[in-house]
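I have placed the structure first, in the form of structure tokens, so that the comments after it can refer back to it.
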Number of protein chains: 2
Amino acid sequence: MISLSQSVGYAVLALAQMDPEGKTLVLASDIAEAANIPKPYLSKILARLQAAGIVEGKRGQGGGLRLTRTAAEITVYEVADAIEGPEWRCSCLLGIPGCSEGKPCPAHEYWGKARAEIVETLRAMTLDRVREFTEAGWKMPILS
Amino acid sequence: MISLSQSVGYAVLALAQMDPEGKTLVLASDIAEAANIPKPYLSKILARLQAAGIVEGKRGQGGGLRLTRTAAEITVYEVADAIEGPEWRCSCLLGIPGCSEGKPCPAHEYWGKARAEIVETLRAMTLDRVREFTEAGWKMPILS
DNA sequence: TCAAAAAATCACCTGAAGGTCAACTTTAAA
DNA sequence: TTTAAAGTTGACCTTCAGGTGATTTTTTGA
């Protein structure tokens with residue numbers, strides 16, 4: 001499919017719903033509704049983001065979630081790492097098991113360069129840039 | 001993971017083991033051994049390649065498999081289509097469900113261009129170019 | 001015509017991703 | 001001090017890719 005997992009997409013959309021300053025707390029159920037993510041599934045995603053130190057949760061009445069840094073300091077690259085693990089940026093384009101520097105596949109050299117550009121793009125893509133999109137009217141479509 | 005499925009990789013390696021002229025028949029078991037693919041799994045891959053008209057099988061004693069065109073005329077692009085279906089070349093980089101021209105995600109414009117380059121590269125990658133790699137000593141590593 | 005050789009097919013197993021549910025813990029307000 | 005609000009956790013389900021095994025069908029050569 002040549003793409004990151006759906007969980008990464010959900011994570012990015014969820015984070016874009018939170019206070020970009022990392023101050024005021026937001027409810028998980030509000031995030032779920034705004035980004036149209038099944039609430040129990042969102043919980044699992046938030047758990048991984050917490051394990052990676054990207055968000056913090058506060059329990060109990062008046063609780064909620066917040067970013068540990070500002071939205072300008074968090075990149076989609078980090079989010080992908082938190083959800084998929086760091087292996088996502090060293091995969092073989094053709095999906096050949098055992099493809100490596102020592103045993104390159106026919107696409108290895110090309111993909112090494114192309115993939116590096118993609119990684120750099122995601123490293124430069126911060127959550128506040130994502131927010132520009134979501135605020136400009138982007139809404140998760142309701143899937144039938 | 002940003003990559004095609006392992007089945008596509010196996011398909012490419014399997015096709016690279018066949019007669020590039022599409023004349024002499026090769027045994028499925030020989031392909032499986034040469035490319036180090038589990039034989040029953042290879043059968044399923046070959047079935048999809050046959051459904052797509054890329055290979056032909058001849059049953060019975062003295063039978064085997066052959067390409068329907070020469071290796072110079074078959075591209076990795078086609079093979080990916082045959083195995084994954086044509087959707088592999090229109091996926092959203094971030095894995096966001098519902099991302100489209102009408103409702104683009106923050107990476108949509110960038111990924112549209114980057115993906116087009118990848119697709120063009122695979123469309124230019126023919127099986128005889130793959131064979132240059134496999135003949136030059138590339139061997140499927142035995143996975144432990 | 002019969003047996004061996006070969007591809008084709010079917011059923012099944014396993015693990016991971018996506019998704020759901022219910023129970024549990026923490027906390028602050030009443 | 002009770003209780004309701006909130007996040008947290010663990011069990012479970014479904015689907016699909018990856019992988020395996022056994023059976024069936026076709027074909028040819030003996």
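For Glu120(B), the salt bridge (Lys or Arg N to Asp or Glu O under 4.0 Å) partners are Arg123(B), not counting sequence neighbours. Taking Arg59(A) as the reference, nothing meets the side-chain hydrogen bond (donor to acceptor under 3.5 Å, both in side chains) condition, with sequence neighbours excluded. Residues passing the ring pair (Phe, Tyr, Trp, His ring centres under 6.0 Å) test with Tyr110(A): none are found, sequence neighbours excluded. For Glu33(B), there are no salt bridge (Lys or Arg N to Asp or Glu O under 4.0 Å) partners at least two apart in sequence or on another chain. Listed by chain and number, the residues in a side-chain hydrogen bond (donor to acceptor under 3.5 Å, both in side chains) with Trp88(A) are Asp81(A) (sequence neighbours excluded). A search for salt bridge (Lys or Arg N to Asp or Glu O under 4.0 Å) contacts involving Glu84(A) returns nothing, not counting sequence neighbours. Listed by chain and number, the residues in a salt bridge (Lys or Arg N to Asp or Glu O under 4.0 Å) with Arg129(A) amount to none (sequence neighbours excluded).
As a whole-Å value, the separation of Asp30(A) CG from dA5(D) C1' is 13 Å. Atom-to-atom, CE of Met1(A) to C1' of dG18(D) comes out at 17 Å; the value is rounded to the nearest Å. Look at CD1 on Ile45(B): it is 16 Å from C1' on dT9(C), rounded to the nearest Å. At whole-Å resolution of the value, CD in Glu56(B) and P in dA8(C) are 10 Å apart. What separates CG of Asn36(B) from P of dT20(D) is a distance of 11 Å, to the nearest Å. One can place CG of Leu49(B) at 14 Å from P of dT9(C), the figure rounded to the nearest angstrom. Counting to the nearest Å, the P atom of dA5(C) and the CG atom of Leu25(B) are 17 Å from each other.
Closest approach of Cys90(A) and Pro86(A) over heavy atoms only: SG-O, 4.1 Å. Contact record, Ile37(B) with Ala14(B): CD1-CB, 4.2 Å, taken as the closest heavy-atom pair. In terms of heavy atoms, Val130(A) sits closest to Met125(A) at CG2-CG, 4.3 Å.
Here Val55(B) lies out of heavy-atom contact (under 4.0 Å) with every strand. Using a 4.0 Å heavy-atom cutoff across all strands shown, Leu46(A) reaches no nucleic acid atom at all.
Contacts between residues 81-93 of chain A and DNA chain C, defined by a heavy-atom separation below 4.0 Å, involve no residue at all.
With contacts defined as side-chain heavy-atom distances shorter than 4.5 Å, the pair Cys92(A)/His108(A) does not qualify.
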Readout for nucleotides 23-30 of chain D: B = base within 4.0 Å of protein heavy atom, S = sugar-phosphate only, - = neither; 5' to 3' it is --BBBBS-
What string of B, S and - do you get for nucleotides 14-23 of chain C, 5' to 3', when a contact is any protein heavy atom under 4.0 Å? ----SBBB--
CA sep, side-chain torsions, deciding dist, call: Gln50(B), Glu56(B), side-chain contact (heavy atoms from CB on, under 4.5 Å): CA-CA 6 Å; Gln50(B) 262 185 96; Glu56(B) 259 180 10; 5.5 Å; no
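The ring-ring contact (aromatic ring centres under 6.0 Å, His included) contacts involving residues 14-67 of chain A comprise Tyr10(A)-Tyr41(A), where partners must be two or more places apart or lie in separate chains.
Leu122(A) and Met1(B) fall into different hydrophobic clusters, where Ile, Leu, Val, Met, Phe, Trp and Tyr side chains are chained together by heavy-atom contacts under 4.5 Å.
Rounded to 10 degrees, the angle separating the terminal axes of the helix from dT1(C)-dA30(D) to dA30(C)-dT1(D) is 20°, with each axis obtained from five end pairs.
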